[in-house]
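What you are looking at is a predicted structure, and each value in this text was computed from that prediction instead of being measured.
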Amino acid sequence: HIADDHVFYSPRWKELLGYTDEELPNDRSAWRSRVHPDDYDRIQALMQVHLQGQSETYKAEYRLRHKSGHYVWILSRGRAIFNEAGEPIRFVGSHVDISDRKQAELDLQASQQLLQMVFNHLPQRVFWKDYQGRFLGCNQIFAQDMGVNHPSQVIGKTDYDFDVFSPESLDLFLERDRQIIRGGETITFDECVQSYADGRQRWVSTTKAPFKTPEGELLGIFCCYEDV
């Protein structure tokens, strides 16, 4: 009940945090004192939005401290019950342990950051696109070649969105991309002229390859080129 601040925690909820039913009291402090400090304000804001009737359901992911001292990632979902005046009188919800999923997400994020760091330290220009020609990522030196400060400014755009390359080079890029997608094999294009919109030319050696998922699904093109 919201008005009298009465709370009920199921034995299963307490077990999730390493406690028996008798070890944790059924009061709000049992939950509040175990929420990670970095998460509390955010989830309270989400709860207030819901209790004010601005969301159909409440949903949040946050950390609760386990009896052993480590934090458990929780997916919290619930819904308030309102009286005729539109005031919240009860809230019913559930918690699910999502620690394994969150750890997998954190591991993936760390791997992506490591890979980006490796790419950023390569002298070669590196990028990858989807099969429609939109950039999915690149390294720092390629981003600078495209006239922007950070790889994130390239994502979602195509070669044609940047006033960098000549029309002839853009047409050549497109034809080579189509060649890779049709053939499904890696191709190295040795010592080709890359023309820029401002009249400059650069001799480069380019390798393009199909960009696939571990299951073999084609996502697009991976490319690496360097000055020769």
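Side-chain heavy atoms closer than 4.5 Å link hydrophobic residues (I, L, V, M, F, W, Y) into clusters, and following such links, even through other members, never connects I180 to F222. No continuous path of ILVMFWY side-chain contacts below 4.5 Å connects Y131 to L136, so the two sit in separate hydrophobic clusters. Linking Ile, Leu, Val, Met, Phe, Trp and Tyr whenever their side-chain heavy atoms come within less than 4.5 Å puts L17 and W31 in one cluster. Under the 4.5 Å side-chain heavy-atom criterion for ILVMFWY residues, a single connected hydrophobic cluster contains both Y160 and V164. Under the 4.5 Å side-chain heavy-atom criterion for Ile, Leu, Val, Met, Phe, Trp and Tyr, L172 and I221 are members of distinct hydrophobic clusters.
R65 and Y71 get closest at one heavy-atom pair: N-CD2, 3.5 Å. Nearest heavy atom pair, residue T206 against residue C223, reads CG2-SG, 3.5 Å. Of all non-hydrogen atoms in P88 and A80, the two that sit nearest each other are CB-CB, 4.5 Å.
Remark: the backbone N or O of T20 is not paired with any side-chain donor or acceptor of K14 at under 3.5 angstrom. A distance-only check finds no donor-acceptor pair linking the side chain of D39 to the backbone of H36 [under 3.5 Å]. Formation of a donor-acceptor pair under 3.5 Å by the S166 side chain with backbone atoms of S169 is found in this model. The backbone N or O of F82 sits nowhere less than 3.5 Å from a side-chain atom of R90 that would complete a donor-acceptor pair. A donor-acceptor pair under 3.5 Å links the side-chain atoms of Q153 to the main chain of H150, judged by distance alone. Between the S29 side chain and the R32 main chain, no donor and acceptor come within less than 3.5 Å of each other. In this structure a side-chain-to-backbone donor-acceptor pair under 3.5 Å is present from Y9 to D27. Checked by atom type and distance alone, the side chain of R34 pairs as donor or acceptor with a backbone atom of A30 at under 3.5 Å. Within the 3.5 Å criterion, the main-chain N or O of R125 finds no donor-acceptor partner in the side chain of N139. Side-chain atoms of H50 come within 3.5 Å of backbone N or O of S55 as a donor-acceptor pair.
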> Taking it one step at a time, do I181 and L218 satisfy side-chain contact (heavy atoms from CB on, under 4.5 Å)?
Replying inline: CA-CA 8 Å; I181 291 173; L218 179 65; 3.8 Å; yes
> What's the verdict on salt bridge (charged side-chain N to carboxylate O under 4.0 Å, His left out) for E185 and K208, showing C-alpha distance, side-chain angles and the deciding distance?
Replying inline: CA-CA 9 Å; E185 296 181 354; K208 289 193 171 185; over 6 Å; no
> After noting the C-alpha distance and the side-chain angles of L75 and K59, does the key distance pass the side-chain contact (heavy atoms from CB on, under 4.5 Å) rule?
Replying inline: CA-CA 7 Å; L75 169 60; K59 181 179 178 181; 3.8 Å; yes
> Are D21 and E15 close enough, and set up right, to give a side-chain contact (heavy atoms from CB on, under 4.5 Å), and what steps lead you there?
Replying inline: CA-CA 8 Å; D21 190 22; E15 182 183 338; over 6 Å; no
> Can T188 and S205 be said to form a side-chain contact (heavy atoms from CB on, under 4.5 Å), step by step?
Replying inline: CA-CA 7 Å; T188 297; S205 176; 4.2 Å; yes
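For the pair L46 and V49, the minimum side-chain heavy-atom distance is 4.5 Å or more. Taking the side chain as every heavy atom from C-beta outward, D130 and L219 never approach each other to under 4.5 Å. Residues S76 and Y62 form a side-chain contact, since some pair of their non-hydrogen atoms from C-beta on lies under 4.5 Å apart. The shortest side-chain heavy-atom distance between L122 and E226 does not fall under the 4.5 Å cut-off. Side-chain contact check for I74 versus V72: some heavy-atom pair is nearer than 4.5 Å. Put simply, the side chain of V148 reaches to within 4.5 Å of the side chain of F162, judged on heavy atoms. No side-chain heavy atom of H66 sits less than 4.5 Å from a side-chain heavy atom of L16. Using a 4.5 Å heavy-atom cutoff, the side chains of V96 and W73 are not in contact.
Taking CE of M146 as the reference point, atom CG of N149 lies at 14.0 Å (rounded to 0.5 Å). Atom CG of D161 sits about 10.5 Å away from atom CZ of R134, to the nearest 0.5 Å. Expressed to the nearest 0.5 Å, how far NE2 of H121 lies from CD1 of I141 amounts to 12.0 Å. Between the OG atom in S33 and the CG atom in L24 there is a gap of 8.0 Å [rounded to 0.5 Å]. Atoms CD and CD, from E175 and Q179 in turn, are 6.5 Å apart once rounded to the nearest 0.5 Å.
With respect to the salt-bridge test (charged N to carboxylate O, under 4.0 angstrom), the residues E61 and R101 qualify. The pair K67-E23 meets the salt-bridge criterion, with a side-chain N (NZ, NE, NH1 or NH2) lying under 4.0 Å from an Asp/Glu carboxylate O.
Figure legend: cation-pi geometry between R79 and F91 absent, as NZ or CZ is not positioned both under 6.0 Å from the six-membered ring centre and within 45° of its axis. Figure legend: R176 and F189 shown as a cation-pi pair, the cationic atom lying under 6.0 angstrom from the six-membered ring centre and within 45 degrees of its axis.
Under the 6.0 Å cut-off for aromatic ring centres, F119 and W128 qualify, their centroids lying closer than that.
The 12-atom threshold is not exceeded at CG of D100, counting heavy atoms of other residues, nucleotides or ligands nearer than 6.0 Å. The environment of CD in Q54 is crowded: more than 12 heavy-atom neighbours from other residues, nucleotides or ligands sit within 6.0 Å.
Between F127 and F135, the ring-plane angle classifies as perpendicular under the 30° and 60° cut-offs.
Scanning for salt bridge (charged side-chain N to carboxylate O under 4.0 Å, His left out) contacts around K157 gives an empty result, with sequence neighbours left out.
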